[in-house]
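Written out below as structure tokens is the structure these notes cover.
Here is how names work: the chains are called A, B, and so on, in the same order as the sequence lines, proteins then strands, and each is numbered from 1.
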2 protein chains.
Amino acid sequence: MNISEAARHSGLSAKTIRYYEDIDLVAPATRGANGYRQYDAKAVEELHFLARAREVGFDLTECRQLLELQRDHSRQSRHARQLVLQKSEQLQSRIEQLLAMQQVLQAMAQRCRGDEGPECAILEDLSGPSEAEGKP
Amino acid sequence: MNISEAARHSGLSAKTIRYYEDIDLVAPATRGANGYRQYDAKAVEELHFLARAREVGFDLTECRQLLELQRDHSRQSRHARQLVLQKSEQLQSRIEQLLAMQQVLQAMAQRCRGDEGPECAILEDLSGPSEAEGKP
DNA sequence: CTTGACCTTACAGCCACTGGAAGGTTTACA
DNA sequence: TGTAAACCTTCCAGTGGCTGTAAGGTCAAG
């Protein structure tokens, strides 16, 4: 199987697969007589594994750890679980941060007339003092 | 006012202020006899404006547009409002994406025993078929 | 007069790719 | 057999928004 078919099956792009090989995230693919990379089912599975790990938010360092766990027959499932829970907490923080940002945006939009005139609560809000600076 | 004081007042780092000048996001600061950048209240306000815009999620291209609007006395507030609403929608999409990722992680963690043994629902989930591939 | 805290520029690195150039190979079809 | 399209290869550069570091100049306090 050539790289583009492996890409289709794994959910990664051919570029990304080469990149993962480059940074030693996956072992170098075997090569055909023409120098083309060749992938068997096992290699594609590993690529698919990486695609799914990336999809749920793991960075490449974490993907490396997950891959190590997957390869390790004497692993302890608590290690995988810890990575997952830690990532979930990270996502939680990020979500809360984005929600807070969105609330500020919504509040701004509500106070702005949004018409043809120059008066603009949004630009005033951005220019003005921080909302952290409360009046005592 | 030197750059580090401007940094303290604006909420940006000195590095970031130099960078913003570098990419022409803000006008070059005036220089003292020693070559040091000098900032007056107006310049600091603009930097503060940028810090706040970044905080609520605008990228530098959008910051540029917001800054243009702020400078433009014949602006129309609907333009600012549109930028804000658009950004809010982008944040909404991103939040939903992160929530979906987090749900997958939570489901994985729940199915995993997380003990000393090698059996691991998480690694199985990552190895197995996509959840998009349902059984008919 | 030294110490330490500033300031300057310039360049490298981060993350996780993506795009493009320049060239080799394979496949389908006339 | 020719050729065009669709593959494949490597290598280098660019993305965004900074941050780190090096090598040097300046300034205020003691």
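- Interatomic distance, A/K87 NZ to B/Q102 CD, rounded to the nearest 0.5 Å: 11.5 Å.
- At the phosphate of D/dT19, OP1 or OP2 sits under 4.0 Å from a side-chain N or O atom of B/S13.
- Around atom CD of B/Q110, no more than 12 heavy atoms belonging to other residues, nucleotides or ligands sit under 6.0 Å away.
- Salt bridge absent: B/D40 and B/K42 never bring a charged side-chain N and a carboxylate O closer than 4.0 Å.
- Rounded to whole angstrom, the span from the CG atom of B/D22 across to the P atom of D/dC18 amounts to 13 Å.
- Here C/dC15 presents its P atom at 12 Å from CD of A/E62, a figure rounded to the nearest Å.
- Ion pairing of B/E21 with B/R31 is present here, as a side-chain N (NZ or NE/NH1/NH2) and a carboxylate O approach within less than 4.0 Å.
- Within the helix from C/dC1-D/dG30 to C/dA30-D/dT1, the inter-axis angle between the opening and closing five-pair segments is 10°, rounded to 10°.
- In this structure, the CG atom of A/L25 is 11 Å from the C1' atom of C/dA16, given to the nearest Å.
- Judged by distance alone, the side chains of A/E45 and B/S127 never bring a donor and an acceptor atom under 3.5 Å apart.
- One finds a side-chain N or O of B/T16 lying less than 4.0 angstrom from the OP1 or OP2 phosphate oxygen of D/dT19.
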Using a 4.0 Å heavy-atom cut-off to protein, can you give one letter per nucleotide of nucleotides 1-16 of chain D, 5' to 3': B if the base is in contact, S if only the sugar-phosphate is, - if neither?
------BSBBB-----
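- Using a 4.0 Å heavy-atom distance criterion, B/Y20 is classed as a sugar-phosphate-only contact.
- For A/S77 against B/E119, the heavy-atom pair with the smallest separation is CB-O, 3.2 Å.
- Listed by chain and residue number, B/D72 satisfy the side-chain contact (heavy atoms from CB on, under 4.5 Å) test with B/S74 (two or more places apart in sequence, or in another chain).
- The cluster map of Ile, Leu, Val, Met, Phe, Trp and Tyr, joined by side-chain heavy atoms under 4.5 Å apart, puts A/L83 and B/L98 in the same cluster.
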